[in-house]
Amino acid sequence: MHVCILGAGIVGLAAAYELQQAGHEVTVIDKASHAGMGTSMGNGAQLSYSYVQPLADPSIWKQLPKLLFNEDSPLKFRLQADPHQWKWGLQFLAACNAKRSATSTRELLQLAATSRQHFEAMQQHVQGQWDYSTTGKLVLYPTQAGVESARNQLDVQSRLGSAPQRIVSPDEAVALEPALAAYQPQFAGAVHTPSECAADCYQVAQQLQAWLQRNGVKFVMNTAVQSLRRESGRIVAVRTSQGDITADHYMVALAFDSVALCKPLGIDLPVYPLKGYSLTLDVAAASDKAPRVSITDSARKVVFARLGNRLRVAGMVELVGNDLRIPQDKIRSLCDSTQAVFPGCSDFAAVNPWAGLRPATPTAVPIARQAGASNLWLNTGHGALGFTLAFGTAAQLAQQLGKVD
């Protein structure tokens, strides 16, 4: 079959790879000049296969006043004249209960396990170089109450078959990652997951695009997707800035832009952009002061991932609509967090700031399914776990497509 994939981020590329491996003809369309230039470009770089916790959690209720009124909150909600935002927000709050959180955790763990298997198989096949590391991850908690809450989450994940994880003391955390020594008084404990990984998602996208092109996948770049043309309940073409493109099946992997594309077809996608920021620092001159283990500081909502001689620092969750502006105070906040956690790790001469819109569902579980009985397939809503889950939804959809006559 000929499958046309709309979107050349890591989600679309993973689908293109899995479908190409299954023997299908694949065309990928994107408005950018090359792959991975959107939400995939400057993400947090962590591959969090084992320690997953949906943003929709019962603890959110206590944080609501801070989220709504505190400008300095790392989790920020700015109410807008947007019914889609209100609807998504209400669905999100409805998901903030223990039962739904546990269900989402189970679904995410299962999907992440599939994704890891397929990503690692792709790595073996493609043989790319993208600063991949397997040094594990530490999630830091500022209070003992936070540590105990994390212990409960570990218990849930352990019952669901997650990889080995354990609570460690600040002393143990510093033994695992010596660069945390100066920050040790600021956290009460941490979750250590030895099996977690990191990689440069943008480099993965670039090299995977090149490999796919050498192996028969067609890329139509610098081409905006405008609409989907439907006749008799089936999609017959995708209208683009370069004219109509036809295929047997169409897959929507356009992150938040998927919402507007699907709406005229009567498909209401519960996806909203979670804005996040990152910077990328050169740490070659002070390598021992920068972490090798991936670090998540739960208090600051900031993640740190080592990429060779670079350190990716990413953080914040803002529900502020389709806004890619990068205010200086946000980058200053990430710089301040880096200095606080890893003093002296960089001279901050070049910080390479970035902002991205992570397309999230209220439950954090992505949408990867056929749209009714038509030849349209949905592949979006991966939120902050896009890099982690991309190959999982790709494998699921490739399997489903293989069953279609």
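This is a predicted model, so every value here is computed, not measured. Hydrogens, waters and symmetry mates play no part in the numbers below; they use all other heavy atoms, side chains included.
A donor and an acceptor atom, one from each side chain of Tyr51 and Gln157, are nowhere located under 3.5 Å apart. A donor-acceptor contact under 3.5 angstrom links the side chains of Ser48 and Lys137, judged on distance only. For the residue pair Glu18/His118, the side-chain donor-acceptor check at 3.5 Å is satisfied. Counted by atom type alone, Thr393 and Asn379 present one or more donor-acceptor pairs between their side chains at under 3.5 Å. Between the side chains of Tyr202 and Asn43, not a single donor N or O lies within less than 3.5 Å of an accepting N or O. Checked by atom type, the side-chain pair Gln144/Glu148 shows a donor-acceptor distance below 3.5 Å.
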Worksheet item: Could you go step by step and tell me if Thr27 and Ile5 meet the side chain to side chain contact (heavy atoms under 4.5 Å, CB included) rule?
Response: CA-CA 6 Å; Thr27 298; Ile5 297 174; over 6 Å; no

Practice prompt. Before giving the answer on salt bridge (charged side-chain N to carboxylate O under 4.0 Å, His left out), spell out for Asp282 and Arg310 the whole-Å C-alpha distance, their side-chain angles and the decisive distance to 0.1 Å.
Written response: CA-CA 5 Å; Asp282 183 349; Arg310 298 170 297 145; over 6 Å; no

Fill in: Worked verdict on Glu172 versus Ser169 for side chain to side chain contact (heavy atoms under 4.5 Å, CB included)
CA-CA 5 Å; Glu172 290 173 306; Ser169 68; 3.3 Å; yes

Practice prompt. Evaluate the side chain to side chain contact (heavy atoms under 4.5 Å, CB included) criterion for residues Tyr17 and Trp211: first the C-alpha distance (whole Å), next the side-chain angles of each, then the deciding distance (0.1 Å), finally the verdict.
Written response: CA-CA 9 Å; Tyr17 175 80; Trp211 187 92; 3.8 Å; yes

Discussion item. As a quick check of understanding, evaluate salt bridge (charged side-chain N to carboxylate O under 4.0 Å, His left out) for Lys218 and Glu25, giving each step before the final call.
Written reply: CA-CA 9 Å; Lys218 181 180 179 182; Glu25 179 185 355; over 6 Å; no

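Nearest heavy atoms, Thr246 versus Ala237: CG2-CB, 4.0 Å. When all heavy atoms of Ala314 and Ser278 are compared, the pair lying nearest together is CB-CB, 3.8 Å.
For Asp57 (side chain) and Ile60 (main-chain N/O), no donor-acceptor pair under 3.5 Å exists by modelled atom type. The backbone N or O of Ser101 sits less than 3.5 Å from a side-chain atom of Thr105, completing a donor-acceptor pair. For Asn97 (side chain) and Ala94 (main-chain N/O), a donor-acceptor pair under 3.5 Å exists by modelled atom type. Between the Asn375 side chain and the His249 main chain, no donor and acceptor come within less than 3.5 Å of each other. Between the side chain of Asp248 and the backbone N or O of His2, at least one donor-acceptor pair lies under 3.5 Å.
No option in Leu389, Thr388, Thr193, Leu111 other than Thr388 meets the side chain to side chain contact (heavy atoms under 4.5 Å, CB included) test with Tyr49.
Scanning for salt bridge (charged side-chain N to carboxylate O under 4.0 Å, His left out) contacts around Arg332 gives an empty result, with sequence neighbours left out. Considering only residues two or more places apart in sequence or on other chains, Gln370 meets the side-chain contact (heavy atoms from CB on, under 4.5 Å) condition with Trp377. Taking Lys263 as the reference, nothing meets the side chain to side chain donor-acceptor pair (under 3.5 Å) condition, with sequence neighbours excluded.
Salt bridge annotation for Arg229-Asp244: present, with a cationic side-chain nitrogen under 4.0 angstrom from a carboxylate oxygen. Ion pairing of Arg358 with Glu318 is absent here, as no side-chain N (NZ or NE/NH1/NH2) approaches a carboxylate O to less than 4.0 Å. Residues Glu177 and Arg306 are not paired through a salt bridge, judged by the lack of any N-O separation under 4.0 Å between the basic side chain and the carboxylate.
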